[in-house]
S.K.: 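Before we start, here is the structure in question, set down as structure tokens.
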There are 4 protein chains.
Amino acid sequence: MGDTDGTRQRRRGDTRQRIQDVALELFAEQGYEKTSLREIAERLGVTKAALYYHFKTKEEIIVSLFEDLTRPIEELVEWGRQQPHTLETKREILRRYGDVLQNAAPLFRFMQENQATVRDLSIGGMFKERMAGMREIVIDPDAALVDQVRCISALFTMHAGMFVHLELEGDPEDKREAVLEVAIDLVTQAHGGAKGSGDQTR
Amino acid sequence: MGDTDGTRQRRRGDTRQRIQDVALELFAEQGYEKTSLREIAERLGVTKAALYYHFKTKEEIIVSLFEDLTRPIEELVEWGRQQPHTLETKREILRRYGDVLQNAAPLFRFMQENQATVRDLSIGGMFKERMAGMREIVIDPDAALVDQVRCISALFTMHAGMFVHLELEGDPEDKREAVLEVAIDLVTQAHGGAKGSGDQTR
Amino acid sequence: MGDTDGTRQRRRGDTRQRIQDVALELFAEQGYEKTSLREIAERLGVTKAALYYHFKTKEEIIVSLFEDLTRPIEELVEWGRQQPHTLETKREILRRYGDVLQNAAPLFRFMQENQATVRDLSIGGMFKERMAGMREIVIDPDAALVDQVRCISALFTMHAGMFVHLELEGDPEDKREAVLEVAIDLVTQAHGGAKGSGDQTR
Amino acid sequence: MGDTDGTRQRRRGDTRQRIQDVALELFAEQGYEKTSLREIAERLGVTKAALYYHFKTKEEIIVSLFEDLTRPIEELVEWGRQQPHTLETKREILRRYGDVLQNAAPLFRFMQENQATVRDLSIGGMFKERMAGMREIVIDPDAALVDQVRCISALFTMHAGMFVHLELEGDPEDKREAVLEVAIDLVTQAHGGAKGSGDQTR
DNA sequence: TATGAATGAGGATTCATTCAT
DNA sequence: CATGAATGAATCCTCATTCAT
């Protein structure tokens, strides 16, 4: 008897993690400003003060989430920089970017829907950097303006992908693939490639 | 005699308008939640209570802006519904949509950057409807999934256009055209057309 | 043609009266504090400012109502003072008091239900005076304490009568009579009379 | 050492109680609407926000007072329901009711003087229920209308008792007894009994 | 690790009132 | 007679944050 089995017990040590989970859920659902620490604390069954033991400020919570969840983008950008700027590289970047977005969907949804707020949080700057990094490894600064736009559009398409799921019918996996295909098409065209779905380059 | 120069004078009758202007500016700049009525009032040189003479609530301010500025979208959708669903129609829709977006840029920027907030304001629903209308007149529900995505991507590309200006170098007008071209390309491809903005209506 | 028949027209000259009517209705229904001038104005279809043309303050509205509607009590008290302090006089006083209460029921309901508010309006003092007057002409200061209480109880019973209607079943007129009978019984007993319903004194 | 004398010290743990005390005092004195939380807080030497730590809303303060102080009525009603509906029972009910009223005098004064306000607070309904309960155990629904009124009058007389003290001279205890006697007389008469508080249980 | 109690700053909103027209 | 526009003061309430225990 006692705390032997973990069910419903104060799993000690993981509180920080639980705060992050609940916070992200609420931030994504309601927005940053509209989510109060009281709400987070209540949903966790702890006191507001407890949150302050784990995070110095409200902002630190979102910052920690951001840092934890966007590392894959940093890594992707770093990887991208080291690759030759070929079309195939870019395709691979988009594929990997798709995975990244899917894995941290709630955070990205949050970033997307709270841009105004995010802008003057410290993560605002970091996010801009990450995005600039992505642009850098996907856009060729010497290409024609239309082609640069095509690449940006490819990235936006990927982002849009997170919402497309809600507005279009069909199997989720199919939609994911369709989104990726359109994005890849766009960079392909930006590279002077023909339109159409995929195989012709291989 | 009297009010000859308008500087800082109580231009009577236009207060409502001025509130809307200042509000939109601040909402777009800082977000809805972070903009307080005190701030709006101060910048106008009036009391908070004066705002309440013209608008019953804070929300009513943004609603009024939304209604005033999105009427063109409604009209565009209505027009679109009455046209034959040809490729050329869609191209025209995108062209007009570009104009609409440009004319009400600050509002759209606001909507884009405050989605989480907007979602539970009454304009959230209205906005969704407008967007659904746009999708309806641009997407062919019987087309292949990829092509549907292409059309959504076209719309997102147009939206992205509002931000591209900030991140890409070059003449604004050129960028505008490039964005439009990419978007038109996307719907053209969705219609089975070749790449490039040629005249092939099918 | 024009304003010939009065239906739905701005009956000129009676605005003051209409303000009083609507105000009393709302004051009685919702209380003084919770009734705003805006509400009164709206229900009348005029501006708040219009009210100020007819009454200098919100308080003046209730004061004017009070003065108009409690004159009968003043008169009753005056009459009562000039009568011999017999039992029969008191009975007559209660009968007349019953009429007075019925005629200005909404005001008295208001006074009853807003005592705390009324207390520091100028009518607070006036009302106390009127009530003191009523006590004076009904209570014999030399009588035994119990009998004095009986007389006060008689007055309270009359007041209670305004609410009894809501809580007891039966014909309104019957209830009115029953209330009066009980009150009269009380002063009768206070005069050393026998208990019972009525006729034995005649 | 330390908190030896309690003057103006942060007597910890009793803040909630102190808020209730001060609030009741002010509510009874000035009415509910006219008493602001600022006033309560100031008089306690705490911040408005502190009140909100202990009570979620202003209304909750009065609700808590009401619940704490009217429990005795509930109990009395419950007791009354279980007794035989004899005259002697009713007399006992009135005696006990007198005690209850005296113990929670400020609250009842408040309820009496703020009926309009109370009506649309949640305690409005509760209070009506309590009063209905009292009526139920005192009134015989099969009795003649006059006798029912007599019983209601008895209850009102008890309530009036709280004010009689202010308007009649004499020893408080004497007045209390006189009020009780009149009320008991009324129910006695309602039972067909003779005047005067004799022992005739029927 | 956490809580209980509190704060200070600020939020939106409402109100009675004023006054030039 | 009445309105349109505005004000100043007040209201209830919420929030992120702190700190002794």
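Bear in mind that the values here come from a model prediction, so they are computed numbers and not experimental data. Throughout, protein chains are lettered first and strands after them, A, B, ... in sequence-line order, and every chain is numbered starting at 1.
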S.K.: Locate the shortest heavy-atom distance separating C:Gln115 from D:Gln112; write the atom from each residue and the value.
M.R.: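 Taking every non-hydrogen atom into account, NE2-O, 3.6 Å.
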
S.K.: Could you give the CD1-to-P distance, from D:Ile19 to E:dA5, as a whole number of Å?
M.R.: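 So the CD1-P distance, D:Ile19 to E:dA5, works out to 11 Å.
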
S.K.: Whether A:Tyr53 contacts E:dA2 is assessed here as follows: a side-chain N or O lying under 4.0 Å from the phosphate OP1 or OP2. Is that the case?
M.R.: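 For A:Tyr53, the contact criterion (side-chain N or O under 4.0 Å from OP1 or OP2 of E:dA2) is not met.
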
S.K.: Just the rounded figure in Å: distance from C1' of E:dA12 to CD of B:Glu60.
M.R.: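 One finds 14 Å between C1' of E:dA12 and CD of B:Glu60, rounded.
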
S.K.: Looking at residues at least two apart in the chain, or sitting in another chain, which of them share a ring-ring contact (aromatic ring centres under 6.0 Å, His included) with D:Phe27?
M.R.: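 With sequence neighbours excluded, D:Phe27 shows a ring-ring contact (aromatic ring centres under 6.0 Å, His included) to D:Tyr32, D:Phe110, given in chain and number order.
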
S.K.: Using a distance-only test with no angle check, is there a side-chain donor-acceptor pair under 3.5 angstrom linking D:Glu39 and D:Gln30?
M.R.: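 Yes, because at least one side-chain N or O of D:Glu39 sits under 3.5 Å from a partner of the opposite role on D:Gln30.
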
S.K.: For nucleotides 8-13 of chain F, just jot down a letter per nucleotide in 5' to 3' order: B, S or -, based on protein non-hydrogen atoms under 4.0 Å.
M.R.: B--SSB

S.K.: Can you confirm whether the side chains of D:Thr117 and C:Glu33 place a donor and an acceptor under 3.5 Å from each other?
M.R.: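 There is no such pair between these side chains.
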
S.K.: Side chains of A:Leu24 and A:Leu69, heavy atoms from C-beta outward: is any pair under 4.5 Å?
M.R.: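 The answer is yes; the side chains approach within 4.5 Å.
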
S.K.: Provide, to the nearest angstrom, the distance between the CZ atom belonging to B:Phe55 and the P atom belonging to F:dA5.
M.R.: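 Computing the B:Phe55:CZ to F:dA5:P distance gives 12 Å.
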
S.K.: Report the distance from atom CD1 of B:Ile40 to atom C1' of E:dT13, rounded to the nearest whole Å.
M.R.: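 Distance check: B:Ile40 CD1 to E:dT13 C1' gives 14 Å.
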
S.K.: Tell me the partner of E:dA5, counting only Watson-Crick (N1-N3 plus N6-O4 or O6-N4) or G-U wobble (N1-O2 and O6-N3) with both under 3.5 Å; none if nothing fits.
M.R.: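 Looking at the geometry, E:dA5 pairs with F:dT18.
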
S.K.: Any donor-acceptor pair under 3.5 Å linking the side chain of B:Glu59 with the backbone of B:Ser122?
M.R.: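 It does hold such a pair.
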
S.K.: Would you please confirm or rule out a distance under 4.0 Å between OP1 or OP2 of E:dA6 and any side-chain N or O of D:Thr15?
M.R.: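 Answer is yes, contact under 4.0 Å.
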
S.K.: Measure from CG on D:Leu44 to P on E:dA5 and round the result to the nearest Å.
M.R.: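 These atoms are roughly 15 Å apart.
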
S.K.: Return the value, rounded to whole Å, for the distance between atom CD of B:Gln30 and atom C1' of E:dG11.
M.R.: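 Whole-Å distance recorded here is 14 Å.
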
S.K.: Do B:Gln20 and B:Gln17 make a side-chain contact, defined as non-hydrogen atoms from C-beta onward lying under 4.5 Å apart?
M.R.: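 When only atoms from C-beta onward are counted, B:Gln17 and B:Gln20 do touch, with a gap below 4.5 Å.
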
S.K.: With rounding to the closest Å, how many angstrom separate the P atoms on F:dT21 and E:dT1?
M.R.: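 Here F:dT21 and E:dT1 have their P atoms 22 Å from each other.
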
S.K.: According to the Watson-Crick and G-U wobble definitions, with both distances under 3.5 Å, which nucleotide is paired to E:dG11?
M.R.: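 F:dC12 - that is the nucleotide pairing with E:dG11, both distances being under 3.5 Å.
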
S.K.: For C:Leu51 and E:dC19, give me the distance from atom CG to atom P, rounded to whole Å.
M.R.: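 Those two atoms, CG and P, are 17 Å apart.
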
S.K.: Quick check on E:dA6: is either OP1 or OP2 less than 4.0 Å from any side-chain nitrogen or oxygen of D:His54?
M.R.: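 Yes.
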
